[in-house]
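Owing to the predicted nature of the structure, the values given are computational and were not obtained by experimental measurement. Below, chain A is the first sequence line, B the second, and so on; all start at residue 1. Values below: all heavy atoms of this structure, side chains included; hydrogens, waters and symmetry mates excluded.
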Amino acid sequence: MTATHIALDPLDALLDGTAAELDLPRTLHETAVHRYQDIGGWLAADPVAPPSRLLYPQGSFLLGTVVAPIGGSDFDLDFVMQEPVMKESITQAELKARVGDTLHRQLRNHLEEPSAQADCHEGRRCWTLTYPRLHLDVLPAIPDTDAPPTGILLTDRDLRLWQHSDPRAYATWFEQRSQPSLLFKEARGRVEAVPVWSEYKSPLKRAVQVIKRHRDQFFAEDTDDRTPSILITTLVARSYSGTGSVLETVTAATRQMAGLIESRDGLWWVANPVQPLENFADKWATHPQRAAKFFRWVEALRGELASITSEVGLPTIVTRLAAYLGEEPVQKAAEAYGRRTYDQRKAGLLRVASGTAALGAGAGIKVRDHGFYGA
Amino acid sequence: MASTARNRIHAINLQAQLLALLKAIPGSSGTVRRSHLSWQAEFTPTTRSITYRVQVSYCPADRRPQVAVLSPPLTERGEGQPIPHVFPGNRPCLHFGHEWNGGMWMNQTLVPWISEWLFFYELWLATGTWLGGGHEGSKPRTATESRSD
């Protein structure tokens, strides 16, 4: 028997469980990996394509912080297709067309295969391959020779200049924030080329998912001014102390996020942690209402969480959470939590603390197996 | 611990039962009078749960301890959804008849079961599903069985 009693905290479990319900389901994750590996394989075998071309995941799929969109079941996952070309020898429009041609050619050449059963259409910054319930956004990129080895330059139809980015270095930074203990091991927050699906995720990843979901609900009718995920992910990761539950991580984030926004020469600034000259809040200069709405949203989140934290009674807590994070995922999380607790008791792991009879694990009196009688 | 064989149970003295209960939840109170044990205690099953005042009454002749939630009153879930796993009068049914006898310590059995019942009662109010298992097809699927995609 372990030395201390670890009390159940249903609010923490519900936040964790709601994030798990909103995560990319395992089957879709596996489908996405298949599609990505198939396309990557075609590109590698393509006689027309340069051999050092790369295709890899980026964004929330790579970070493990995907959240289901409100009211829909389709997931948007981001990938980078990187061409081994120097900036001086290609324009953004040429790169975009080249990647589009390549994707269309691969789909035509492999017509009979499931991974080719997709529409491919052009977006502002990417080509989107549309499969059932999955949209794979492929962002054309070239290496950024000023930011080796993983820096890239991206196209944007609406902007004249190349956009700097470094999704792989960012993912490594995030993974290290997520599991700081790994810093002391050989694995050093390694980022896998193929994200691995996991039922259990670090409190930081779950906290990012919860906060992104709250953002989606808050900005449901105002998507243009919605705070970008990369900005949220950066602020939550920076406010994470390296330990603590999902609830503690979300709470710390709601208290610290606003204070982490810098003002440099009158400009709002959230530096990319792996490219300090890139400002994730650069759009706020031309759209100042977005900054105002961000601060309003964070304050709403902080207030709501503080208020829920002071509630007693699981029915009230579930109802309050459902109002902010969505009825369906919160209800499912509550049911999964009950089943898990029941499984724990069946396994002989559920204990009550001596002195209070509060439920938990670790030390305490074992809740002996039994059956509640009466239908 | 007592043998479970019929008629061979070494019943635990009621004064000893009460002492163990009083020790299990400091601040609780109780009496033993004429072979009748009565104990009252406050239960807060989790840090986020309501605090319930619960009474346990036990008379060895009745075999089964009677458990009642004194306050706050247990509530039904909307119309037509009676509380699951209760005896008439909304008294929690914590166990099957064969799962408890007078040779078992109440602080080791009934006390954890009361906390657990109250926990699943609150989750039932929240979800409409009894997730704590028990009698008549109300056993939930396990978390692994029910993981959906």
Problem set entry | Closest non-hydrogen atom pair between B:P26 and A:G355, with its separation | CD-O, 3.3 Å
For this session: To the nearest 0.5 Å, tell me how far B:W124 CH2 sits from A:L314 CG.
Result: 13.5 Å
Exercise. Do the non-hydrogen side-chain atoms of A:T309 and B:R48 ever get within less than 4.5 Å of each other?
Worked result: yes
Exercise. Can you say whether B:T109 sits under 4.5 Å from chain A via the side chain, the backbone, both, or neither, judging by heavy atoms?
Worked result: side chain
Exercise. What do you reckon, is NE2 of B:H36 surrounded by more than 12 foreign heavy atoms closer than 6.0 Å?
Worked result: yes
For this session: Considering non-hydrogen atoms only, spot the tightest contact between B:L131 and A:A334 and give its length.
Result: CD1-O, 4.0 Å
Exercise. Between B:Q108 (side chain) and A:R368 (backbone), is there a donor-acceptor pair under 3.5 Å?
Worked result: no
Exercise. So what's closer than 4.5 Å to chain B heavy atoms on A:L28: side chain, backbone, both or neither?
Worked result: neither
Exercise. Backbone N or O of A:L8 within a donor-acceptor pair of the B:T46 side chain at under 3.5 Å?
Worked result: no
Problem set entry | Straight-line distance of B:E122 CD to A:T316 OG1, nearest 0.5 Å | 8.0 Å
For this session: Please lay out, stage by stage, how A:R345 and B:E116 fare under the test salt bridge (charged side-chain N to carboxylate O under 4.0 Å, His left out).
Result: CA-CA 9 Å; A:R345 192 251 286 159; B:E116 196 198 355; 2.6 Å; yes
Exercise. Can you say whether A:V318 sits under 4.5 Å from chain B via the side chain, the backbone, both, or neither, judging by heavy atoms?
Worked result: side chain
Exercise. What is the distance from atom CZ of B:F120 to atom OG1 of A:T341, rounded to the nearest 0.5 Å?
Worked result: 5.5 Å
For this session: Just say parallel, tilted or perpendicular for the rings of B:W113 and A:H370, cut-offs at 30° and 60°.
Result: parallel
For this session: Could you tell me which of B:W117, B:W100, B:F87, B:F43 has the largest number of non-hydrogen atom pairs under 4.5 Å with chain A?
Result: B:W117
Exercise. Any idea how A:Y337 and B:F119 line up, ring-wise: parallel (<30°), tilted (30 to 60°), or perpendicular (>60°)?
Worked result: perpendicular
For this session: Could you tell me whether A:E328 atom CD has more than 12 heavy atoms of other residues or ligands within 6.0 Å of it?
Result: no
Exercise. Checking A:D23 against chain B: side chain, backbone, both or neither under 4.5 Å from a heavy atom?
Worked result: neither
For this session: Give a yes or no on this: more than 12 heavy atoms of other residues, nucleotides or ligands lie within 6.0 Å of atom CZ of A:R255.
Result: no
For this session: Show your working on side-chain contact (heavy atoms from CB on, under 4.5 Å) between A:Y373 and B:L94 and close with a plain yes or no.
Result: CA-CA 6 Å; A:Y373 185 64; B:L94 299 179; over 6 Å; no
Problem set entry | Heavy-atom proximity to chain B below 4.5 Å, by part of A:T319 | neither
Exercise. Among B:T129, B:L123, B:I114, B:V111, which residue forms the greatest number of heavy-atom pairs with chain A at distances under 4.5 Å?
Worked result: B:L123
For this session: Please report the closest heavy-atom contact between B:S115 and A:A358, naming both atoms and the distance.
Result: OG-N, 4.5 Å
Exercise. What pair of heavy atoms forms the shortest contact from B:I25 to A:A357, and how long is it?
Worked result: CD1-CB, 3.8 Å
For this session: Compare all side-chain heavy atoms of B:W130 with those of A:F372 and state whether any distance is below 4.5 angstrom.
Result: yes
Exercise. Between A:T356, A:V367, A:L359, A:I365, which shows the greatest number of heavy-atom pairs under 4.5 Å with chain B?
Worked result: A:L359
Seminar exercise, completed: The interface call for A:L11 against chain B, heavy-atom contacts under 4.5 Å, is both
